[in-house]
Visitor: 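Take a look at the following structure, please.
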2 protein chains.
Amino acid sequence: MKAAHMNLSQLESFVAVADTGSFTEAAYAINLTQSAVSHALAALENELGVTLLERNRKGLVAITNAGEKILPHVRALLTQAEAIAQEAKMAAGMAVGKLRVGNTLCLCPGLLASVLTHFQRQYPDIEVILFEGTMQEVALWVEESIIDVGFVPLPADRSDNTLITTDELVVVVAPGHPLLGQAAVGGDDLNDQNFIMAKSECSFQMMEMTGMDSEQAHRAIRYQASDSATILAMVREGLGITLLPRMMLPANLDGVVAIRLDPPPQLPIGLAIRSQTASPAAKLFTQTALAWTQAQGSHSG
Amino acid sequence: MKAAHMNLSQLESFVAVADTGSFTEAAYAINLTQSAVSHALAALENELGVTLLERNRKGLVAITNAGEKILPHVRALLTQAEAIAQEAKMAAGMAVGKLRVGNTLCLCPGLLASVLTHFQRQYPDIEVILFEGTMQEVALWVEESIIDVGFVPLPADRSDNTLITTDELVVVVAPGHPLLGQAAVGGDDLNDQNFIMAKSECSFQMMEMTGMDSEQAHRAIRYQASDSATILAMVREGLGITLLPRMMLPANLDGVVAIRLDPPPQLPIGLAIRSQTASPAAKLFTQTALAWTQAQGSHSG
DNA sequence: ATAAGGTTATGAAAGCCGCTCATATGAACC
DNA sequence: GGTTCATATGAGCGGCTTTCATAACCTTAT
């Protein structure tokens, strides 16, 4: 029983099932028959000698421990397969393929939009697929080959990072707030304030950049909302103050006032990719983002 | 012409040809017919739409630029394939597979030997393949998936590193050397000495750890040899002094004297692996190495 | 030159493998 | 129990991969 080689198709099936949680959906997602997926997984499991998925003729398949261990490797393998195809097309002069980009909602949405616009114009044949998640998720996704490139706040210890830009954190308060009377607002002035922040880990990071420690930050948060408009509305009502990257401020902030801090905390934002094994599209994206940064720099300089 | 999926077998063929430089040898190496390899490469190139190898009916095949770009991705892909197989076997309770270990000759050879012995005893069914190279090569090989794990001097910026041990650098001189008269030998005392060092980049790193700068180190080296016995013989003849990690000293150093430095420079030695995508065998090896370190530590403590 | 010995390429045939179609089987919900 | 949802299974077709045999090509020696 000389085991035949495992197959890219089988691996794709496995990932698809793991992602969709269903053989039928997986089959649809990768343009195959449900039967094909079933056969593929049976063959794969047979060859590996391990059960990858706990079947359940009802609709939900659970991944086994073994499957959980193997899945990241499969993802990494398929990512390389895509990279190979892309490199080949690049060598033939065309920039095509898929690029999975991760972004954190609470990091300046305008940055992603600008870079994306430039990128799409420059490489119209690269299909961009967007993923949204927390900073931690985005960083993890890059490592696990779920996405090819992601915006993360630096310094990120894992993976390869290139600094794209920094964004200044500002305090937003209601008109007539006591802080407005001060000549300069430092980190200490924020300690006894009520904060309204986004429901994200990244809120704490931002607060700690003003000089608070983790515990203070947790205590200081009075309300948490998921949308920035909601947060600003609450600030307008005088329920508290908030801390935002400058780029997240709306064009006209009616009813609220932004105050710069002294010293101004700079949130560094970078792009994470898998250093050596990045796909060409991912490298192109990084280049585009860097070029955009420099263009911005020269505009304002 | 809907391109069929590329094939693991084709990719193996490509790597084999790239490594051996010959279709015939490659075929032999992966237990296939020369014809099969030829067909495989033709199919692969046809699908990718790129020429990967510059053929030459004489015996030597050169890799094209496109091939050069694609090759690392192929290696990474195949490494993941091996990792998948290993994870599967591990889940079934057996530790089997291949592990490619990189080592630098000038880093304590005893370390590798000890760890290897333990590892082989613990996991007799994991086949270990040794690679020797300079520190830079070893670090690069890990990144490029040519090896799974490698001993490198820390800090190595790339890849994931775990500290295994440190080794003290000592000065070795001929009997009667002026330095022997001093109470304590510091980095400054070495500046005007003639050095005999190994032909390796790692020599400079060691010298810089005593406080010299790069230029001083280059000037100070009088002779370079490739074997440590040769170096010690030259020191014995009074041609100069050398700097060695303690672990590289022979059991009885007849005719030469080792002097400890003050402060003693500690060369940190670690294991590099690909953080997320490491094969289970590579992780086991790291564990074994760490366990060995701790055992050593408790012996001497 | 021509032959010999090396290389890769090519064509045809065999066998295996992966896909689809059709259908069985199982679980839940009524 | 039947309906409806899911996955499993079996047979057959088509294609891909491999092998065998041989061609084409290059280099070197005679």
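The chains referred to below are lettered A, B, ... by the order of the sequence lines, with proteins before strands, and numbering in each begins at 1. We use all heavy atoms of the structure for the numbers below, so side chains are in, but hydrogens, waters and symmetry mates are not.
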Visitor: Partners of A/Phe119 by ring-ring contact (aromatic ring centres under 6.0 Å, His included), sequence neighbours excluded?
Guide: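 So A/Phe119 forms a ring-ring contact (aromatic ring centres under 6.0 Å, His included) with A/Tyr123, A/Phe285.
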Visitor: What protein N or O atoms touch nucleotides 20-22 of chain D N or O atoms at under 3.5 angstrom, if any, and at what distances?
Guide:
unit_1: D/dC20; atom_1: N4; unit_2: B/Ser35; atom_2: OG; d: 2.6

Visitor: Mapping B/Glu25 and A/Ser9 to their closest nucleotides on DNA chain C, which lands nearer the 5' end?
Guide: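 The residue whose closest nucleotide sits nearer the 5' end is B/Glu25.
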Visitor: Give the residues of residues 76-86 of chain B touching DNA chain D, defined as any heavy atom closer than 4.0 Å, sorted by residue number.
Guide: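 Going residue by residue through residues 76-86 of chain B, none turns out to have a heavy atom under 4.0 Å of DNA chain D.
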Visitor: For residues 73-81 of chain A, dump all side-chain donor-acceptor pairs below 3.5 Å to protein atoms at least two apart in sequence or in another chain.
Guide:
unit_1: A/His73; atom_1: ND1; unit_2: B/Gln80; atom_2: OE1; d: 2.8
unit_1: A/His73; atom_1: NE2; unit_2: B/Glu87; atom_2: OE2; d: 3.1
unit_1: A/Arg75; atom_1: NH2; unit_2: A/Asp19; atom_2: OD1; d: 2.2
unit_1: A/Arg75; atom_1: NH2; unit_2: A/Asp19; atom_2: OD2; d: 3.3
unit_1: A/Thr79; atom_1: OG1; unit_2: A/Arg75; atom_2: O; d: 2.8
unit_1: A/Thr79; atom_1: OG1; unit_2: A/Arg100; atom_2: NH2; d: 3.4
unit_1: A/Thr79; atom_1: OG1; unit_2: A/Ser145; atom_2: O; d: 3.4
unit_1: A/Gln80; atom_1: OE1; unit_2: B/His73; atom_2: ND1; d: 2.8
unit_1: A/Gln80; atom_1: NE2; unit_2: A/Thr277; atom_2: O; d: 3.1

Visitor: When you measure from the side-chain N and O atoms of B/Arg55 to the phosphate of C/dA9, is any distance below 4.0 Å, counting only OP1 and OP2?
Guide: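 Yes, because at least one side-chain N or O of B/Arg55 sits under 4.0 Å from OP1 or OP2 of C/dA9.
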Visitor: Would you tabulate the side-chain donor-acceptor contacts of residues 8-15 of chain A under 3.5 Å, counting partners in other chains and residues two or more places apart, or write 'none'?
Guide:
unit_1: A/Gln10; atom_1: OE1; unit_2: A/Asn7; atom_2: N; d: 3.2
unit_1: A/Glu12; atom_1: OE2; unit_2: B/His5; atom_2: NE2; d: 3.3
unit_1: A/Ser13; atom_1: OG; unit_2: A/Ser9; atom_2: O; d: 3.0

Visitor: Nearest whole Å is fine: how far is D/dA8 P from A/Glu54 CD?
Guide: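 Going from A/Glu54 (CD) to D/dA8 (P), I get 11 Å.
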Visitor: Side chain of A/Ser22: nearest nucleotide among C/dG18, D/dT17, D/dT7?
Guide: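 Shortest atom-to-atom distance from the side chain points to D/dT7.
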Visitor: Which listed nucleotide (C/dT8, D/dT19, D/dA6) is nearest to the side chain of B/Leu32?
Guide: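 So the side chain of B/Leu32 is nearest to D/dT19.
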Visitor: Pairs of donor and acceptor atoms involving the side chains of residues 29-43 of chain A, under 3.5 Å and at least two apart or interchain, shall be tabulated with distances.
Guide:
none

Visitor: Starting from the C-alpha separation in whole Å, work towards a yes-or-no answer on side chain to side chain contact (heavy atoms under 4.5 Å, CB included) for A/Asp125 and A/Met94.
Guide: CA-CA 8 Å; A/Asp125 294 330; A/Met94 4 178 193; 5.9 Å; no
